[in-house]
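Every number for a ligand or one of its atoms is a count from 1 in the order of the listing. These figures come from a predicted structure and were not determined experimentally.
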Amino acid sequence: MAQRLRVHIQGIVQGVGFRPFIYQLAHRHRLNGYVANTPKGVELEVEGGRDALHHFLKELPTSAPPLARITQIETEELPAAAYSTFEIKASEEGEERAALISPDTTSCSDCLRELFEPQDRRHLYPFINCTNCGPRYTIINDIPYDRPKTSMAVFTMCDDCAREYHDPLDRRFHAQPNGCWNCGPRVWLADSSGEELKISEPISEAAKHLSQGAIVAVKGLGGFHLAVDASQNEAVKRLRWRKGREEKPLALMSSSLEQIERYALVEDEERRLLTCSQRPIVIVPKRPENTIAPEVAPRNRCFGVMLPYTPLHHLLLSHPFLALVMTSGNISEEPIAIDNLESVERLGKIADYFLFHDRDILLRSDDSILRPAGGQPRQIRRSRGYVPVPIFLRKPVAEVLALGGELKGTICLTKENRAFVGQHLGDLENLETLEFLELTVRHLRRILEVSPRLLVHDLHPDYLTTQMALAQDELPTLAVQHHHAHVVSCMAEHGLEGKVLGLALDGTGYGDDGCIWGGEILVADERNYERVAHFDYVPMPGGEKAIKEPWRMAVAYLWAGLGEKVFQDEQQPLQRWDRDQIGVLLQMMQRQINSPLTSSCGRLFDAVAALVGLRDRIAYEGQAAIELEQCMEPTTDKYHYEFKEVEGRMLLSATSIFTQVFDDVVSGVAPELVSGKFHQTLVAMFADACLHLCKLHGLNRVVCSGGVFQNVFLLENLEDRLEASGLEVYTPQLIPANDGCISLGQAVIGAASIAE
Ligand code: ZN
Ligand code: ZN
Ligand code: FE
């Protein structure tokens, strides 16, 4: 007795080989019916015996194609319809809107096998791909995701490719970027002026130049990389110098895990991350003895490493390099270059050669960066491979657009129960990055079909994004406090509702009292927050300059804790700093000139790092704090800490901790031990404070966010401590703890304000 089922499937189920998969699955279980794309996903009907239907449904979610991501399966029973075959119904124009688009994905094993198979017609073809792999997000111009709406539109498929493309049983059925030597994109090598070199094997030639120490700009999936042989210190030095990037670690790419293990310590979790289909950059500890050039990651205990993720990378890395530096093709914090002509203009003074191709990148996307902590992968930079996979919200919300913060900018659009956080944009401090933001907004609005009803921005009046929001009159606007956004972003990814205790520790966020916050405990929900505890305020002498020069913060904490007299003694650690300059800072603070007040946890880390002699000036955000964490020696000792109650709020004394650090440094305690004690103090203090405040406010959930939680020691130990006290602890996983998460929090707060 035949039964008929209709099944609706939602998620990333279009453009990923889903219909052929269903077709084959139905055939295997001898079921008849059809499968078709719908505006929401995939619809299918299957008819056959009860057992066969049962097995079909059981197998469906577990054996789906690699790029598919099923979020919902609904089934209904219907009277038998006596189907005689199983067919794939063609999609009609406009049908595929609203379905989710897959992110760009690393070459699959089938394609890699063909790439290196001499008999294959795509042998060594640098753009080999199929429905299970290849570019998606970065080549889409509009929806539906169909070849004419991608940057493949200009390439007409040859007969062989077209046959694959139209055969439902072929691995390249509807693989939009399908192509081959005869019909697809091509690669060529050019000199630093962009002039094509007449050579037959551009990739091998590029590899040869790299092995001779040249800098090659390589056009990739989401933008250009600047490549150089990572074993040659002089070459790496030249790259740094030309790129204007003094000390920030440079990302590496090696051909295999075995190669990576020759210079880095790769544990199971790192191995899983390195080989996952998103192929992010993974932070891994250096091997104490390694042959990677010291200039790659000076004064850092880790490397950022990735495996090849495009056929072109695989071909380049098939030459004998231990590793290539593959750093973003940009000048310091500008957006990564994606266009051939533009890249010559911007990178011509850096690169000796260009490895170009003619498949346009429509939307730039940097490499994502992850690291494991507390047994979970943690996003540091969420971009290629992860975007545009949405964060699934607890319930459907209004459509809003959020512009994020300033550093590590992202935007977020909401639609139904999904929040789409866009790719990493960079620091929104210049016009180029702001243009990139506007482009991304337009692009995402188009491909996701979102018509926002509200524009959400940061409370900071000076942010370019704030000015941008206030300069338009298309949408009503809402300003959201930075740390409220931090806390709500983490609530959103964990699907939390109602009031939580939010622990927001970071560098800079504009407070509702006009001060710079960053060591905050809030009682918050999606609508409101109450600031229930924070670090005591100290001035930031010189404002922004105090962020770039941590020694200024050390002077500020000392002045706040011990007064001016401490600078009159000939104290050891203070002799390093110029007396006149200290005098200038003291005057600034006393007269309150250009010395905004801050409760930032990031600044406290900076100040301790400066005081113990690690770093008086930084070359990139968070550098001092990273070095302080990395030098830490384990200890159970800690400093004394105290809470004061001021105007109904709990005041955590950063100054008194700093004063004790000063005493230690004066009496010659080693920086490594000071760092250990300092870390232990913060863990104990925040654990105590959270426990106390949870009791006081009748809460049992603690939500952590903020750039300081990129500190693995703090994250892991605080989580353990709080959980041991019986509290539920939520930390960022799918989105970064840093300001990359701000747009998500803003969007959810904005949507909640509409619901109200
Ligand atoms: Zn493939
Ligand atoms: Zn072809
Ligand atoms: Fe922040």
Side-chain angles (χ1 to χ4, degrees), residues 15-17 65-67 102 104-115 117 120-122 125 127-136 147 152 155-166 170-186 277 309-311 314 404-410 427-428 458-460 463 480-490 502-511 516-520 522 547 598-603 621-622 625 704-710 732 735-746:
V16 294
L67 297 194
S102 161
D104 305 297
T105 307
T106 183
S107 303
C108 73
S109 54
D110 288 328
C111 285
L112 284 181
R113 191 170 356 89
E114 290 169 354
L115 180 65
E117 164 58 53
D120 194 273
R121 71 185 190 91
R122 290 191 181 83
Y125 180 57
F127 302 96
I128 187 169
N129 66 79
C130 69
T131 34
N132 299 328
C133 74
R136 295 286 186 280
R147 190 149 166 134
M152 288 301 291
F155 301 99
T156 308
M157 276 184 279
C158 67
D159 289 350
D160 287 337
C161 287
R163 200 175 309 118
E164 296 165 338
Y165 182 88
H166 291 295
D170 194 276
R171 208 173 86 239
R172 296 193 165 86
F173 176 63
H174 283 193
Q176 308 304 348
N178 193 25
C180 72
W181 285 111
N182 296 326
C183 67
R186 73 178 189 104
S277 68
Y309 54 86
T310 70
H314 282 282
E406 181 177 59
L407 300 179
K408 302 181 165 64
T410 58
D427 297 344
L428 292 153
D458 194 273
L459 192 60
H460 202 305
Y463 281 2
V480 165
Q481 201 280 322
H482 187 91
H483 302 96
H484 187 209
H486 263 300
V487 172
V488 173
S489 74
C490 187
L503 181 55
L505 305 178
D506 70 353
T508 301
Y510 192 80
I516 309 293
W517 295 7
E520 313 301 317
L522 312 176
I547 300 175
T598 189
S599 55
S600 164
C601 188
R603 295 295 84 76
E621 200 210 353
C704 303
S705 183
V708 170
F709 284 101
Q710 290 174 146
I735 41 155
N738 62 43
D739 288 0
C741 76
I742 292 297
S743 65
L744 174 63
Q746 288 175 345

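To the nearest 10 degrees, the angle centred on the Zn ion (ligand 2) between SG in Cys158 and SG in Cys161 reads 110°. Of the angles at the Zn ion (ligand 2), the one spanning SG of Cys183 and SG of Cys180 is 120° when given to 10°. Geometry about the Zn ion (ligand 1) gives an angle of 110° between SG of Cys111 and SG of Cys108, rounded in steps of 10 degrees.
Residue-level check: among N/O/S atoms of Asp506, OD2 sits closest to the Fe ion (ligand 3). For Asp739, the N, O or S atom with the smallest separation from the Fe ion (ligand 3) is OD1.
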Inset, instruction - Determine, step by step, whether Ser743 and Thr410 satisfy the side-chain hydrogen bond (donor to acceptor under 3.5 Å, both in side chains) criterion, reporting the C-alpha distance in whole Å, the side-chain angles of both residues, the deciding distance to 0.1 Å, and the verdict. - result: CA-CA 6 Å; Ser743 65; Thr410 58; 2.8 Å; yes
Inset, instruction - Just do the side-chain contact (heavy atoms from CB on, under 4.5 Å) check on Ser489 and Ile735 with the steps written out, would you? - result: CA-CA 8 Å; Ser489 74; Ile735 41 155; 3.9 Å; yes
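Residue contacts to the Fe ion (ligand 3): His483 brings no N, O or S atom closer than 2.8 Å.
A distance below 6.0 Å separates the ring centres of Tyr165 and His174.
Within the 4.5 Å cutoff, the side chain of Pro311 has no heavy atoms near those of the Glu114 side chain. When side chains are defined from C-beta on, Glu621 does not count as touching Ile547, because their heavy atoms never get closer than 4.5 Å.
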